[in-house]
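In what follows, a single structure is set out as C-alpha cells and then discussed.
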Amino acid sequence: MLSLYALYAKMDLAWLLRDRTFAVLAILADVISNLSSVTGIFLLAWRFDGLGGMNRFEVLFMLAYTTVVTGIFQTFCSGGNTGHISRRIGRGQLEHMFIQPVSLPMQLATEGFIPFSGSSNLISGAVMMGIALHNLDITLPWWWILSLAGNLLITMAIILGSSYFAACFTFYAPVQAEEISSFVIDTFGHISTFPLSGMPRYLQLPLITFIPTGLLAWFPTLALFGKAPFGLSAWYPLLIAIVIWLFAVYFFRKGLNHYVKKGINRYHPMGHRR
Amino acid sequence: MPAMHKYTATALTALRGQTNGGLVYLLPAIIVRLMYLLPLMFLWRVIADGETDVGMTLTQLLTYTYVNALLSEMLVVRTMASAWNYEGQLINLYARPFPIFGQLIAQTVGEWMPMLLVFSLPMLAIAPLFGISVIPVTGWFFPSLLLCISLGFALDFIFACITIRLRGMAWLGHSIRMAVVSLFSGTVIPFRILPFGLTRIFEVQPFGSLGGASLSLFVGASDPMRIIIVQAVWNIILWPVAIIWFAQSKERLVSYGG
C-alpha cells in the first residue's frame, strides 16, 4: 500500500513539474474556491460577534475544520475520481480497474492520492485552524490533537460513506446518476458551513441523523471544545459513520454484482461518451 | 415573426430536454434548492434575534433569500457554453444558421422554464405562509433584473473564453467561478450586512451587479438609481469585451472533448 502511495505521489509531482502554469492555477483554484465558500459565513460571524452562541473564532475554527476536511478529501480521494465514485461507475470505468493486478479496495484506497497538487486546502485550513485556536485563548491537553485527528477521520468516513452509498444508484442508472456523488459531496459540504447553534431543534436533529451534514463540522467543533450538542457523546458521529458504511458496503456489493453481469457501455469506439 | 421561430424552437427543445425523462429528474435540483434555502433562512432568524443592529429587517433578509431561490438561474446566469466547449460540442453551433450567442441565450432561457414552472411558481404561491412578500418594494426591480440577466450572459461568455483558453483544465475555471460568484454576486449574503465597510466595494465590482443588486432593490435595501447606473455601466463595458474576446477565441475551439 505504501509503495502505491509513493507511486501516486511521484506521478503527482511529475504532473506538477510538467506544466507548472496549470499546476499553480489548479492549486490557486482550489484555495480560492474553498476560501470563497467559507468567507461569507466568517464575515457574518465577525459582523455579529459570533453566530448562535458560537463566538467568532469558534465559527472560524468550524470553517477551518471544513477546509481541512476538504483538503484531506482532495489529497486522498481526488485523483481518478475515487471519492466521486459515481463518475467511475457511471462511465463504465470500473472495468479498467478489474484488469489491474491489485484488488479493487486497494486501488480505491490509493489511486486518489495527490499530495502535491491536492493539499493546498489542507495547508490553508490548518493555518486557519491555528489562527482560530490562537485567538480562542484556551489551553488544550496534549491528547486533544489525537481527538482532532480522530474526528477528522470520522468526518471523512461520513463523507466517503455517503458518496459511496449514493453511488450505488449509478450501477442501475449510469447516465442519470453519474454525478450523484458530486451532488452529495457538494450539497453536504455547502450545508456543513452553517453553524447550527441557535437554530431550532427540528432543523438540528435531521441534520445530525438522516442528512448528517451537521456532523461534518458543527458537531465535531463543539465536541472538540467539550460542548457536544444535545448532551450526546463526542463520539456520536462514529456511530453514524459506521451505520452509513454498513449500508454503503451492502448496497455497493449488490450493485457491483449487477455491474459484472450487465456492464456499462458508455463509450463510442471513437472515445466519446454517450 | 419567422426570424424569432428558430430561437423559440431552440428554447422549446431545451425545455423538453430538461423534462424528457419526466419531471422526476428535476427532483435533485429542487432538493438542492431547498437544502440551500433552509439553513440560510434559519441563520437570518438567529442573526435577527441577536443584539447587534443587522441593517436589514428579518422580513427583508428572508425575502432576499427566498426570492433568490426562486429566480436563481436568472440572478446568476449560466449557459452551456463552458460545458459544451469542454465536451467538444460548442463548435457544432457554427453549423446552425443563426448567431452563437443567440443560440446559447435561447437554449438557456428554455432550460429555465421547467424549474420556474415546477418550483418557483408553487413557491411563489406559498410565500405568504412564511411571511414573505413577493411584491417588489420598487418597480425599478424589473429593469434591474433585465440588466442583471444581460450582464450575466456577458460574464458567462467571458468565462467561456477563459475555459477555451484553459483547454483541458476547464474545470479550473468552473470551480473558481462557482465559488467567487456565490460570494461576490451577493445572492447568498446581502452586501448590506457585510463588515469592514465592504458593502460599497462589493456593490461596485462587476459581479455585484448580478443577483445581489436586483435582490437589494426587491427588498428596498438600496438606492435604485445608483444600482441601475452601476449595472448599466458594467453592461456597457463587459458586452464588448465578451463579443470581441469570443470572436478572438473561436479559432481555439476544439471539436473533440469528453
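Letters go in sequence order (proteins before strands), and every chain restarts at 1. FYI, side chains are in, hydrogens and waters are out, and symmetry mates aren't considered; it's all heavy atoms of this structure.
Across every non-hydrogen atom of A/L44 and B/W44, the tightest pair is CD1-CZ3, 3.8 Å. Taking each heavy atom of B/P195 and A/R47 in turn, the nearest pair found is CB-CB, 3.9 Å.
In this structure, A/T39 OG1 and B/F184 CZ are separated by 7.5 Å, a value rounded to the nearest 0.5 Å. To the nearest 0.5 angstrom, B/M35 atom CE is 6.0 Å from A/T213 atom OG1.
The choice from B/L40, B/I31, B/L38, B/D49 that makes the most heavy-atom pairs within less than 4.5 Å of chain A is B/L40. When the candidates B/L183, B/I193, B/L194 are compared by the number of heavy-atom contacts under 4.5 Å with chain A, B/I193 comes out ahead. When each of A/L203, A/I32, A/L196 is scored by its heavy-atom pairs under 4.5 Å with chain B, the top score falls to A/L203.
Heavy atoms of other residues, nucleotides or ligands lying less than 6.0 angstrom from CZ of A/F210 number 12 at most. Within 6.0 Å of the CZ atom in B/R252, the count of heavy atoms belonging to other residues, nucleotides or ligands does not exceed 12. The environment of A/F247 atom CZ is sparse: at most 12 non-hydrogen atoms of other residues, nucleotides or ligands sit within 6.0 angstrom. Within a 6.0 Å radius of CZ in A/F169, other residues, nucleotides and ligands contribute 12 heavy atoms or fewer.
For chain B, the nearby parts of A/I41 are the backbone and the side chain; heavy atoms of each come within less than 4.5 Å. Residue contact with chain B, scored on non-hydrogen atoms closer than 4.5 Å, involves the backbone and the side chain of A/F48 alike. For A/L43, the parts lying under 4.5 angstrom from a heavy atom of chain B are both the backbone and the side chain. Looking at A/S197, the atoms closer than 4.5 Å to chain B (heavy atoms on both sides) all sit in the backbone: N, CA, C or O.
For the pair A/F194/B/F42, no side-chain contact is recorded, criterion being any heavy-atom separation below 4.5 Å from C-beta on.
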